[in-house]
Amino acid sequence: MKMKAIDNRGLAVVVLAAGKGKRMNSEVPKVLHRICGRPLLAYVLDQVAALDAGEVIVVVGHGAEQVEPEIGSRGRPVLQSEQLGTGHAVMTALEALDRRYGEVLVMPGDSPLLEAETLAELIEARRAGPSAASMLTARLEDPAGYGRVLRDEAGAVRGVVEESDATVEERAIDEVNACTYCFDRAALEAALGSLGRENAQGEYYLTDAVAGMVGKGLLVVPRVCASGEIIGVNDREQLSEAEALMRDRINRSWMEAGVSMADPALTYIDFGVEVGSDTVIMPLVFLTGETRLGRGCRIGPMTSIKDSTLGEGCSVELSWLDGCHAADDVTIGPYSRLRPGCELAAGSRVGSFVEMKNTTLGRGSKVPHLSYMGDARIGEETNVGAGSITCNYDGEAKHETVIGDRAFIGSDTMLVAPVQIGDDAATGAGSAISRDVPAGGLGIERGEQKIVEDWRRKKRKKGRE
Ligand code: UD1
Ligand code: CA
C-alpha cells in the first residue's frame with residue numbers, strides 16, 4: 001500500500017463488533033458473515049493492522065466465543081456483555097484502555113470496504129487542527145438506513161441524526177455517517193459521560209457524542225470519502241452489495257496484474273487467491289480457498305477451483321477441482337471432476353466425464369474419457385482408455401491401484417484393487433483385472449467371442465415359419 005507513514009504509537013483503535021445483527025436473521029454473529037471467502041471482520045482488522053496503532057481493541061459481545069478466534073493476535077477482545085448501543089460499546093472499550101493512549105480511532109466491524117489509507121487520512125484530518133474529532137462521511141444516492149450528517153449554513157458539522165429519529169427533512173439529507181471517527185480521548189470521554197438513551201432505539205448512541213462536542217464549542221471535522229467504502233452490512237442485501245464491491249476490487253487488481261477476464265461481473269475470485277499474469281479467465285469461474293494459478297493458464301467457462309494449485313500454461317474447462325495440484329501444461333476437462341488428493345504431473349491430461357480422487361497422474365499421461373480413477377498411482381506416458389474404472393472400494397476398505405510407465409489400459413478395463421499393472425504392460429478392452437499384470441505383459445479377461453455364420457438369413461427364415 002502506498003500509505004504515508006504516520007506515527008500512530010499513541011493511537012488506539014476500537015473496532016465495534018458486539019452487535020447481534022438482528023436484520024441478518026442469522027445464527028452467525030454479523031461480523032463473521034463472509035464476503036469473497038472471509039469474514040467481514042477479517043477485512044476490517046487487515047486495514048487496522050496497516051495503521052500500526054499502539055493498541056487495537058475489538059469490542060465483542062454477541063457470539064463472543066466465535067468472534068474471538070477470528071481476532072487472533074490482531075487485537076484484544078473486550079467484552080460488552082449487554083449491547084446498549086455504539087456509545088456504550090466505546091465506553092466499555094475505554095474502560096479497558098491504558099491511559100497512555102490519548103487518541104482513539106473508532107470504527108464498525110461491519111464495514112469491510114473501508115481502506116487503511118482513508119483511515120490514515122481521517123487521523124491526519126484531526127491532527128491538522130485543534131479539533132476534538134474527525135468523522136468520516138459519504139454522500140449516497142440512497143442514504144436509507146444510515147445516520148444523516150447535520151451541518152450548519154457554513155458547512156460545519158452540528159451532529160448526526162439516526163434514521164429512526166430523523167424528521168422527513170433530515171431524511172432527505174444524502175450525507176451519511178460512516179460510524180468511523182478519530183477522537184481526542186479526553187473530549188470523547190467527556191462527551192460519552194453525558195450520553196442519554198432518549199431515542200427511538202433506547203440506546204447510547206455514539207453519534208450523540210458528536211453533537212455533545214459541538215455543543216461545548218469543540219470542533220468536529222468531517223472528511224468525505226468515496227461512497228463505496230463506507231457501506232455497512234446490516235442485512236443480507238447489503239452483504240451481497242458489499243460482496244459485489246469487494247469482488248470488483250479483487251478483479252480489478254488482478255486485471256492490473258495482467259490477468260484477462262472475459263466478463264469480470266461473472267468472475268468470482270476469493271480474497272487471497274493468486275493468479276499468474278497472462279492467464280485468461282472465462283465467465284462463471286469460481287476460484288476459492290487456497291488456490292494459486294500459474295501464468296498463461298486458460299480457465300473456464302463454468303469452472304470451480306477450490307484449494308488447488310496449477311502450474312503455468314494449464315487449461316481447465318467446464319470442470320470442478322478441489323484440493324488438486326497440477327504442474328505445468330496440464331489439460332483438464334471439459335467436464336472433469338477432481339476430488340481432493342490429485343497430483344497431475346506436467347503435460348498430463350484429464351478429459352471429459354472423468355472423476356479422480358487421491359490419484360497421481362505421471363508426466364504426459366492421459367485419462368481422456370469417461371473414467372473413474374480413485375486411489376491410483378499412474379506412471380508416465382500411460383494411457384487409460386475410455387470407460388476404465390478403478391474398483392477401489394470393496395464395501396469395507398479402499399485399496400490402491402498402481403500402474404507403471406508407458407502402460408496401455410484398454411477401454412472399459414475394471415481394475416479391481418489392490419492391483420498392479422507393470423511398466424509397458426497392457427490390459428485388453430473390457431477386462432476385469434484382479435491379478436497383477438507384469439511389466440511388458442498383457443492382462444486380458446473376457447469370454448471368447450463366438451461367430452454365428454449367416455445369422456441374419458437364418459433369423460428371417462425362422463420368423464416366416
Ligand atoms: C451506525 C451509526 C450510523 C451510521 C452507521 C454506519 C450509531 C448509533 N449509528 O448505525 O449513524 O450511519 O453505523 O454504518 O452509531 N455495536 C456494538 N455494540 C452495541 C451496538 C453496536 O459493538 O451495543 C457494533 C455493531 O456490532 C456494529 C457497529 O457497532 O459493528 C455499528 O452498529 P450497528 O447496529 O450496525 O449500527 P447502524 O444501525 O448500522
Ligand atoms: Ca451497521
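As the structure lists them, so they are numbered: ligands from 1, and atoms in each ligand from 1.
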Set of residues satisfying salt bridge (charged side-chain N to carboxylate O under 4.0 Å, His left out) with respect to R23, sequence neighbours excluded: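 By the salt bridge (charged side-chain N to carboxylate O under 4.0 Å, His left out) rule, R23 matches no residue at all.
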Taking only residues two or more places apart in sequence, or in another chain, which ones meet R339 in a salt bridge (charged side-chain N to carboxylate O under 4.0 Å, His left out)?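 Once residues adjacent in sequence are excluded, the partners of R339 under the salt bridge (charged side-chain N to carboxylate O under 4.0 Å, His left out) criterion are E355.
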The Ca ion (ligand 2): protein N, O or S atoms that are less than 3.0 Å away, sorted by chain: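 Checking every protein N, O and S atom gives D110 OD2, N234 OD1.
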Checklist entry - ligand 1: which residues have a non-hydrogen atom closer than 4.0 Å? => result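 Residue list for ligand 1: L16, A17, A18, G19, R23, K30, Q80, Q83, L84, G85, T86, A89, P108, G109, D110, Y146, G147, E162, N177, A178, C179, Y205, T207, N234.
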Would you say S348's side chain and G364's backbone share a donor-acceptor pair under 3.5 angstrom?
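Pair absent, no side-chain N/O of S348 close to backbone of G364.
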Charged N to carboxylate O below 4.0 Å: is that the case for [X] and [Y]?
{"X": "D235", "Y": "K22", "result": "no"}
{"X": "R148", "Y": "E162", "result": "no"}
{"X": "E115", "Y": "R249", "result": "yes"}
{"X": "K398", "Y": "D375", "result": "no"}

| request: Look up atom CD1 in I269 and atom CZ in F286, then write down how far apart they are to the nearest 0.5 Å. | output: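 The distance works out to 11.5 Å.
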Using the six-membered ring of Y101, assess whether NZ or CZ of R185 lies under 6.0 Å from its centre and within 45 degrees of the ring axis.
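Geometry flag: not set, cation outside 6.0 Å or 45°.
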